[in-house]
Structures are given as C-alpha cells and as structure tokens.
Amino acid sequence: MIQIAVVEDEEIYVKQLTEYIRKYQTERGRSIKVTVFGDGEDITENYSGGFDIILMDIQMQFMDGMTAAEKIRQMDQKVIIMFITNMIQYAVRGYEVDAMDYVVKPVEYFSFSQKLDKAIGRIRSEAKEFLMITIGEGIVKTDIADIYFIEGQGHNAVFHTLRGDYSSRATLKELEEKLIVHNFFRCAKGYLVNMNHVEGIVGSDCVIHSVHIPVSRTRKKEFMNKLLQNLNMD
C-alpha cells in the first residue's frame, strides 16, 4: 500500500486532490492510503515517517510548506516531496529540500496523474527486492512486493503473485524466516501472507485480492495488531 500525505489548508484543494487520488487508484489498480494535514505544523509535529509521498502546499497559515519540508528532510531523506502551488517562483526553491516536482494550481488531473506515475515509479525502483523461486528445472526472479501470499502444500510452497502462481520445493518455516523483515506474517499453519496486500478481515479470514485466507485463533490477536499497525491506525 502506498502512503500519501496531503498537506493543504484550502478545503477545495483537499477535496480535489483526494478525488484525483481515488480516481488514479481505480485507473491504475493501486492500493493508496491518504492522510490529510491542514498545515505544515500538523505533519511536522511528532513526525515519524511512514509516508511514501507528501503533496505539500507552499502557502499555509501557520507553517509554510518550504519550512515544513526542511524540517521533514532532517528526519526523513527518502520520502518524495511534491509541492502544490500557484506561485511557481516559490516552487523552484524545491531543490533545496530535494523536492521531486511541483503541481501548479488549478490542478489538472492528467498532469497530476503523470506526476504520480513518476513518483510511484521512483518508489518501486528504489524499494524493489527480489526472491529467487526455484520451479522444476528453472528459477523465477520475483519482486517480493508482488507476492500476495504463500500457501503450504505438503513439501511444496505455492507462491501466489502478481504474475501468477508458482510451486516450489520449500517449507513455510524457512520462507517465514527469510520474509518476516518484508512484512510477511504466518497467519495460519499453512499460510504466509504479505501484510502489505491485506485488504481487511471477514470473520476468521483475512482478504487479499478477493481471496479469503484463514487466520488461526491463536494468531488472530497478533495478526490484528500487525494489520492496525500497517494501516497507521494504532
């Protein structure tokens, strides 16, 4: 899930940007969570990271976007910052805080969607880590972020991924040890799920791309804690 912060003090632009992001999410088939801040002070106070992209208005009442970006850069070097402004002369200062781009008001969807493509492309290129999956007499190189969940079937593990399913001679125990640092969780004896793809929980099952996967009773509490943490709700 891509985490986007919108820092904007004008309600009309907050509404427009969130609608644009919702439209983009539908068109591109991406999972995006939006968090809105009404001023630079709000996002910098107790900033703890966790965002992939920050859409930052430059002119705000209490703390302007440039000052807020400078404070954020002291704590977070990786987050992508894009300024929102109707005064381009301010946007050119963005190089001082390593801003990737700027969005000019009034915001047009087509231009905005292209800038989001560019930002998300940078995230994926920087974040990619691969797993080599042995299948039969060959090997498949798979982006770990594209693995939805892994299912144990006897002595084999079935990888359910963005590109399809792959069966490999492996145990969930060894895969769990390798993938736990990538936010995978053993929700039941026969399942290892990528928490970044969990959409919610229905009864005793978690849901990943419309597939219901059982969560064992003994692991449900820990699973729920991880799910809430993953959604920035704890």
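In this chain, numbering begins with 1 at the start of the sequence shown. What you are looking at is a predicted structure, and each value in this text was computed from that prediction instead of being measured. We use all heavy atoms of the structure for the numbers below, so side chains are in, but hydrogens, waters and symmetry mates are not.
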Quick one: sort the His209 and His197 rings into parallel, tilted or perpendicular, breaks at 30° and 60°.
->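 Rings of His209 and His197: tilted, as their planes differ by 30° to 60°.
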Geometric class of the Phe223/Phe185 ring pair [parallel <30°, tilted 30-60°, perpendicular >60°] =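 Phe185 and Phe223: tilted rings.
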Nearest heavy-atom neighbours spanning [X] and [Y]:
X: Asn194; Y: Ile147; answer: ND2-O, 2.9 Å
X: Ile80; Y: Ala119; answer: CD1-O, 3.3 Å
X: Leu131; Y: Lys178; answer: CD1-CD, 3.6 Å
X: Lys220; Y: Ser204; answer: NZ-CA, 4.3 Å
X: Met1; Y: Asp52; answer: O-OD2, 3.9 Å
X: Leu172; Y: Tyr191; answer: CD1-N, 3.6 Å

Flag side-chain contact, heavy atom, 4.5 Å: [X] against [Y]:
X: Leu116; Y: Ile4; value: yes
X: Tyr102; Y: Lys115; value: no
X: Ile213; Y: Ile208; value: yes
X: Lys105; Y: Glu10; value: yes
X: Thr85; Y: Val103; value: no

Do [X] and [Y] share a hydrophobic cluster, counting only Ile, Leu, Val, Met, Phe, Trp and Tyr and linking them when any side-chain heavy atoms are less than 4.5 Å apart?
X: Phe62; Y: Leu55; result: no
X: Met195; Y: Leu192; result: no
X: Ile58; Y: Ile72; result: yes
X: Val207; Y: Met224; result: no
X: Val198; Y: Ile180; result: no

Just by distance, do the side chain of [X] and the backbone of [Y] share a donor-acceptor pair under 3.5 Å?
X: Thr26; Y: Arg22; answer: yes
X: Asp39; Y: Asp42; answer: no
X: Glu174; Y: Ala170; answer: no

Report the C-alpha distance between Tyr24 and Arg30 in whole Å, list the side-chain angles of each, state the deciding distance to 0.1 Å, and finish with yes or no for side-chain contact (heavy atoms from CB on, under 4.5 Å).
-> CA-CA 8 Å; Tyr24 178 90; Arg30 297 194 180 280; 4.2 Å; yes
side-chain contact (heavy atoms from CB on, under 4.5 Å) assessment of Val193 paired with Ile150 | CA-CA 6 Å; Val193 299; Ile150 305 170; over 6 Å; no
Hey, what do you get for [atom1] ([X]) to [atom2] ([Y]), rounding to the nearest 0.5 Å?
X: Lys189; Y: Ser216; atom1: NZ; atom2: OG; answer: 11.0 Å
X: Lys118; Y: Met82; atom1: NZ; atom2: CE; answer: 8.0 Å
X: Glu222; Y: Leu227; atom1: CD; atom2: CG; answer: 12.5 Å
X: Glu70; Y: Thr44; atom1: CD; atom2: OG1; answer: 11.5 Å
X: Asp76; Y: Lys78; atom1: CG; atom2: NZ; answer: 9.0 Å
X: Phe37; Y: Ile43; atom1: CZ; atom2: CD1; answer: 4.5 Å

Crowded around [X] [atom1]? As in, over 12 foreign heavy atoms under 6.0 Å?
X: Glu108; atom1: CD; value: no
X: Arg28; atom1: CZ; value: yes
X: Ile135; atom1: CD1; value: yes
X: Lys71; atom1: NZ; value: no
X: Gln114; atom1: CD; value: yes

May I ask you to decide whether Glu19 forms a salt bridge with Lys23, counting only side-chain N to carboxylate O separations under 4.0 Å?
->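 Looking at Lys23 together with Glu19, the answer is no, because their closest N to O distance does not fall below 4.0 Å.
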Any salt bridge between Lys15 and Glu8, counting N to O under 4.0 Å?
->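 Looking at Lys15 and Glu8, the cut-off is not met.
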Given the rule in the side-chain contact (heavy atoms from CB on, under 4.5 Å) test, do Arg169 and Thr134 qualify, once you have shown the distances and angles that lead to the verdict?
-> CA-CA 7 Å; Arg169 188 84 170 176; Thr134 303; over 6 Å; no
Just one of Val211, Val158, Thr161 clears the side chain to side chain contact (heavy atoms under 4.5 Å, CB included) bar with Phe149, so which one?
-> Val211
Using the side chain to side chain contact (heavy atoms under 4.5 Å, CB included) rule, pick out the option among Thr142, Val140, Leu175 that qualifies with Phe159.
-> Leu175
Apply side-chain contact (heavy atoms from CB on, under 4.5 Å) to the pair Ile144 and Phe184, showing each step before the final yes or no.
-> CA-CA 10 Å; Ile144 291 174; Phe184 280 71; 3.7 Å; yes
Donor on one side chain, acceptor on other, Glu27 and Tyr109, under 3.5 Å =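 Yes.
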Can a donor-acceptor pair be found between the side chains of Asp57 and Tyr13 at a distance below 3.5 Å?
->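 Side chains of Asp57 and Tyr13: no pair found under 3.5 Å.
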